[in-house]
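All of these numbers come straight from a predicted model, not from anything done at the bench. In what follows, chains are A, B, ... by sequence order, proteins preceding strands, each numbered from 1.
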Protein chains: 2
Amino acid sequence: MKSSFKRYVIGKPLRSDALGEQKLSKTKALAILSSDALSSVAYGPEQILLVLMTVSTVAFWYSLPIAAGVVVLLVALTLSYRQVIFAYPHGGGAYVVSRENLGVNAGLVAGGSLLVDYILTVAVSVSAGTDAITSAFPSLHAYNVPIAVFFVICLTLLNLRGVTESASVLAYPVYLFVVVMLMLIGIGIYNVATGQVPAELHPKIGTPVAGISLFLLLKAFASGSSALTGVEAISNAIPNFKSPAPNNAAKTLLAMGSILAVLFIGIVALAYFYGVVPNAQATVVSQIAEASVGRNVFYYIVQGTTAMILVLAANTGYSAFPLLAVNLSRDGFIPRIFQIRGDRLGYSNGIMMLGLAAIVLIVLFDGATEHLIPLYAVGVFIPFTLAQTGMMRKWWREKPDGWVMKFVINTIGAAISFVVAMMFFVTKLPQVWPVFIFLPMIIWMFHRIKQHYNAVGEQLRLNGEALPIVDGNVFIVPVAGITKVVENSLHYVQSLNVEKIIAFYVAFDQADAKAFEEKWKAWQPDIRLVTYYSPYRSIKQPLKKFIDKVEHQYAKTGYQVTVVIPQFLPKKGWHHMLHNQSSLLIRTSLLFHKNVVIMTVPFHLSK
Amino acid sequence: MKSSFKRYVIGKPLRSDALGEQKLSKTKALAILSSDALSSVAYGPEQILLVLMTVSTVAFWYSLPIAAGVVVLLVALTLSYRQVIFAYPHGGGAYVVSRENLGVNAGLVAGGSLLVDYILTVAVSVSAGTDAITSAFPSLHAYNVPIAVFFVICLTLLNLRGVTESASVLAYPVYLFVVVMLMLIGIGIYNVATGQVPAELHPKIGTPVAGISLFLLLKAFASGSSALTGVEAISNAIPNFKSPAPNNAAKTLLAMGSILAVLFIGIVALAYFYGVVPNAQATVVSQIAEASVGRNVFYYIVQGTTAMILVLAANTGYSAFPLLAVNLSRDGFIPRIFQIRGDRLGYSNGIMMLGLAAIVLIVLFDGATEHLIPLYAVGVFIPFTLAQTGMMRKWWREKPDGWVMKFVINTIGAAISFVVAMMFFVTKLPQVWPVFIFLPMIIWMFHRIKQHYNAVGEQLRLNGEALPIVDGNVFIVPVAGITKVVENSLHYVQSLNVEKIIAFYVAFDQADAKAFEEKWKAWQPDIRLVTYYSPYRSIKQPLKKFIDKVEHQYAKTGYQVTVVIPQFLPKKGWHHMLHNQSSLLIRTSLLFHKNVVIMTVPFHLSK
């Protein structure tokens, strides 16, 4: 029942050798890996205008040079990451690049930031998408959190089904969004070019603005560059591509960069020409759509696809998080379970962990995760900077053919990323301070886990010194009565021909102890019975005491103590509730605290 | 840490032979067992007036004869239960009496009703007490549910500490309530007697009332008799009394009956003389207190002690539920865990189960459990009727000295209880219909459980046919690699001199299988290794398949298959999260589905 439900939702298990079929084509990869980056055109331009607005709407013409700056940064990052893809064809992105070139701690800073960032991506994007929907249907507003959680669960299940299947579903809305946006920009430019847009709507380029400062322009630039989050996703996910993976990934990255540049510049330009002023009621994209085509069907399509792409942006997190987790896990910094492929060959533990963490964030922040955006942007630009610096170091050390050009590209990328990250720290400290607490904590945790795995590995490794041989065995059989279960266990133990068998009984009062000893003597005269009286009604304590005594007694002979637990197993699941689970508790406690072998001899009931 | 916290909250464990010291004296028993009954004077009179009010406030004079009727019922029940106490000195109340005299199913109807009823007692009383408090401090009103849950948790912990300790704490408020109520009644009567209360406040006794009907009067009587819930508590709890238990219990019952009668009649009479009209803002008791003394300190004491006794009324459930559960459990109708005494000698599983169920009800009904009161009253009068009928049957059959008088008393008790129960069904069907669904379900469940225990007992009993002897052993050691853990397990297995040892390895790809086989041959040439390839990355499935194969192969020789699980145990608790718990899952699955002995050989890590 449980298993057939799972099969229906997740799909039937796939063989390990079916892995190749799960790989992504370029078209699918573009859809699945770029929704995060592309979705940012829905809010990036608005971020720039919001900062400029603090001075005057006359300052809006600055949005054009700022957008140009963001596009320069985008070009720099795209070219930089293109080099990363070819240099590290097995993926890993910022974590791997930083670790290999700048040392383990730089790698962990990058990896830790990204790990948290992917969780933020999911929470922030899904919340934003939900807001878009509930803005359209205000009666749903009270259900923001359940709706967002529902979306996260859907995305989690889609990803548990496997990468390509989710890509098939997700490809349409992404391409639809791109087409709709290009159409919107086309209509807008046509209107502007044919002079249908009055010139008084927008300030002239170059108009002097009182009170404008370099700090403010930089802040606007930093805000706008939050649109670049998600650019690194492709370089992390190279192993998901069909071969030749690096070439396909590089082409996909260039395609994404170009689309993003066109959409971003297009939206910023139209916002300028139509004189759009950000307000709480309508987003910038919504205002542009309304101004160019009116509130017709096309307007609602624009709004709908925008909402959809925001929800799907979360999917980037689902592609990148499990792969990063695998890399961190292989290096021993996070638990091994992240390396296990699920029934559908996805790294299901990473997927489920991501979904769970995102749901926790959404519930904790009551769906208002927009407060987390600056934190999220910082968490992206830290690894950007580290990765590009790592690449600089690599070229400098290796000096391959044409390394100077490569070095220059990555240097520009590193410098810009560093400046943007610093700008966030300087201009938005009140929102980004948690980085200084959580990042060190996460890195400390990484090291603790690594340390543990190292210690375990060392202790398990065969090192020439053979373990001592077991010279003989004492078997202790705790018995609760004279039943077939006990008889069954005794038969088994007797077949092993061990040196010593002792039955052990715990009595709750003295009369019971006596009576049981007599009954035992009549039934099993050959097996020694030891009875302890337990004034506190515990079975575990006297048993432990007895084990200690036996161990002490046989300490010199090299005998191993084994505890044999006779256990009857009811036929149906619900029957278990009707029987004490004390044998299970005793077993666990002994296993953890005593050096005894535990044996469970089953007696299956037939009805 | 966990254990010392538990010790602080619950107290240190008590020896079984300390049980005598935990017994109740009469004074403590009166406090602990009568709070439920006594608390009903806080709402019983109001219930009568609410029904009469539907005709006219002139009908209020009928409250006096109705109260007299309730007191007659109280006297009848008290005398009836006094006879139960002496006839069944080991306690058990309605369940035991009905089962022994009317058959198992009658007993189960009584027991099932009471079991559910005690849960309702806790939920309803605590909710009512919380309402009283939040009415006094309206700012707390939003926190009704958490406050009620907090009280339930407190009561649960108090009862886990043990009966007498909780009695010490609970005795003061109960006696304080009785004293305060007696003072209130004294002051009121003095005022009435000295003519300070104007005669026009109340209708003359005997004034004819238009529209009054026998049906309405009976409904008012039924509502008023909901004040009698809790009268049976003492007869259930005889084993908790100091010896001579039956005498002490009988005396306590008479004391409780007398106090309840005085308080009930007193409050009804004062309500009549002061012309109190029930309303949502102030309870009847609150209005009487205000009318007789004004809103002074004494008024707040009355309100405070009333709130307290309502919360404590829940405690009656805590005394009676676990004892009833023990009786049902001894007869095999509910799980055995209810018979286990906890560290402090209370039946802790019953106590915790009760607390949990009450919390679930409170949360489910959002604290508005007053809707459950009629259900609760019916659940009391069904077992009342059955118990008294059972007593009639007993006297008729046994005919001891003076049996006629005893028979008459129980007949009166049975008849009145039956009439009241019927009146609830007739007048309040919309609220009490769930009884017809839940009671049959519970009784069906009782029988299913009993059936299972009988089947198990039969299968475990030694019946002369000896179980087959084990002729030899095949040990399967699943190995995950070549490590000290495996070496340790092999040493142990080799010391047992069994007929056959097979190591078993699951490879996830073909190359791995080959490489491992070669390494194994070099390391342990004497132990046969079998390698399976698992295309679906499962370890459990191939292992089960291999076990099947081995079992089939050795089916004729009478060999037993044993699976030896090498397990390393990390030093610290949190380390477990870092390792796959697959061995645990495999162990459980094999134990349930295969007839193999499971052995866990521990390898404790030292760091």
Engineer: When you compare the side chain of A/Leu591 with that of B/Gln567, does any pair of heavy atoms fall below 4.5 Å?
Structural biologist: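 Side chain of B/Gln567 against side chain of A/Leu591, heavy atoms only: contact under 4.5 Å found.
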Engineer: Side chain, backbone, both or neither: which part of A/Arg336 has an atom under 4.5 Å from a heavy atom of chain B?
Structural biologist: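 Its backbone and side chain both get close to chain B.
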Engineer: Can you tell me how far CD of B/Glu499 sits from CG of A/Leu496, rounded to the nearest 0.5 angstrom?
Structural biologist: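 Result: 8.5 Å between the selected atoms.
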Engineer: With a 4.5 angstrom heavy-atom cut-off, which part of B/Tyr492 approaches chain A: side chain, backbone, both or neither?
Structural biologist: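 Contact with chain A is through both the backbone and side chain of B/Tyr492.
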Engineer: Any side-chain heavy-atom pair from B/Arg587 and A/Arg587 closer than 4.5 angstrom?
Structural biologist: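 Heavy-atom side-chain distance check passes, below 4.5 Å.
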Engineer: When heavy-atom pairs shorter than 4.5 Å are enumerated against chain B, which of A/Leu584, A/Asn463, A/Ile334 gives the highest number?
Structural biologist: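 Heavy-atom pairs under 4.5 Å are most numerous for A/Asn463.
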Engineer: Answer with side chain, backbone, both or neither: which region of B/Ser606 has an atom nearer than 4.5 Å to a non-hydrogen atom of chain A?
Structural biologist: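 Both parts, backbone and side chain.
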Engineer: Check each atom of B/Phe475 against the heavy atoms of chain A and say whether the ones under 4.5 Å are side chain, backbone, both or neither.
Structural biologist: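 It is the side chain, since no backbone atom gets that close.
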Engineer: Quick one: which residues of residues 484-491 of chain B reach chain A at under 4.5 angstrom, heavy atoms only?
Structural biologist: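 Counting heavy atoms that sit under 4.5 Å from chain A, the residues of residues 484-491 of chain B involved are B/Lys484, B/Val485, B/Glu487, B/Asn488, B/His491.
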Engineer: Can you tell me how far the NZ atom of A/Lys572 sits from the CZ atom of B/Arg448, to the nearest 0.5 Å?
Structural biologist: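 That separation rounds to 5.5 Å.
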Engineer: Can you tell me if B/Lys450 has over 12 outside heavy atoms packed within less than 6.0 Å of its NZ?
Structural biologist: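 It does: B/Lys450 NZ has more than 12 such atoms within range.
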Engineer: Heavy-atom pairs under 4.5 Å with chain A are the metric here; pick the option from B/Gly481, B/Gly472, B/Pro468 that has the most.
Structural biologist: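 Counting heavy-atom pairs under 4.5 Å, the top option is B/Pro468.
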Engineer: Can you tell me if B/Lys544 has over 12 outside heavy atoms packed within less than 6.0 Å of its NZ?
Structural biologist: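 Result for NZ/B/Lys544: enclosed.
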Engineer: What is the minimum heavy-atom distance between A/Ser495 and B/Asn473, and which atoms define it?
Structural biologist: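 Smallest interatomic distance, heavy atoms only, reads OG-ND2, 2.9 Å.
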Engineer: Got B/Pro570 and A/Val456 here, is their nearest side-chain heavy-atom distance under 4.5 Å?
Structural biologist: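 No, their side chains stay 4.5 Å or more apart.
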Engineer: Between B/Thr483, B/Leu467, B/Val470, which shows the greatest number of heavy-atom pairs under 4.5 Å with chain A?
Structural biologist: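 Counting heavy-atom pairs under 4.5 Å, the top option is B/Leu467.
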Engineer: Do you know which of B/Ile337, B/Val601, B/Leu605, B/Asn497 has the most heavy-atom pairs under 4.5 Å to chain A?
Structural biologist: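 When all of B/Ile337, B/Val601, B/Leu605, B/Asn497 are compared, B/Leu605 has the most.
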Engineer: What's the separation between atom CH2 in B/Trp523 and atom CG in A/Leu462, rounded to the nearest 0.5 Å?
Structural biologist: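 Spacing of CH2 (B/Trp523) from CG (A/Leu462) equals 5.5 Å.
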Engineer: Looking at A/Val564, A/Val498, A/Ile449, A/Asp471, which makes the most heavy-atom pairs under 4.5 Å with chain B?
Structural biologist: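 Among the listed options, the one with the most contacts to chain B is A/Ile449.
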Engineer: For A/Phe592, which atoms come within 4.5 Å of any heavy atom of chain B: side chain, backbone, both, or neither?
Structural biologist: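 Both backbone and side chain.
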Engineer: I need the B/Asn595 CG to A/Phe603 CZ distance, nearest 0.5 Å.
Structural biologist: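 Atom-to-atom, B/Asn595:CG and A/Phe603:CZ are 10.0 Å apart.
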Engineer: Check whether A/Gln494 gets within reach of chain B through its side chain, its backbone, both or neither, counting any heavy atom under 4.5 Å.
Structural biologist: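 Neither part.
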Engineer: Has B/His604 got a side-chain atom pairing as donor or acceptor with A/Lys594's backbone, closer than 3.5 angstrom?
Structural biologist: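 Here the side-chain-to-backbone pair exists.
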Engineer: Atom CD1 in B/Ile565, atom CE in A/Met599: separation rounded to 0.5 Å?
Structural biologist: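 If we round to the nearest 0.5 Å, B/Ile565:CD1 and A/Met599:CE are 12.0 Å apart.
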Engineer: What part of B/Gln459 lies closer than 4.5 angstrom to a heavy atom of chain A: side chain, backbone, both or neither?
Structural biologist: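 Both parts, heavy atoms under 4.5 Å.
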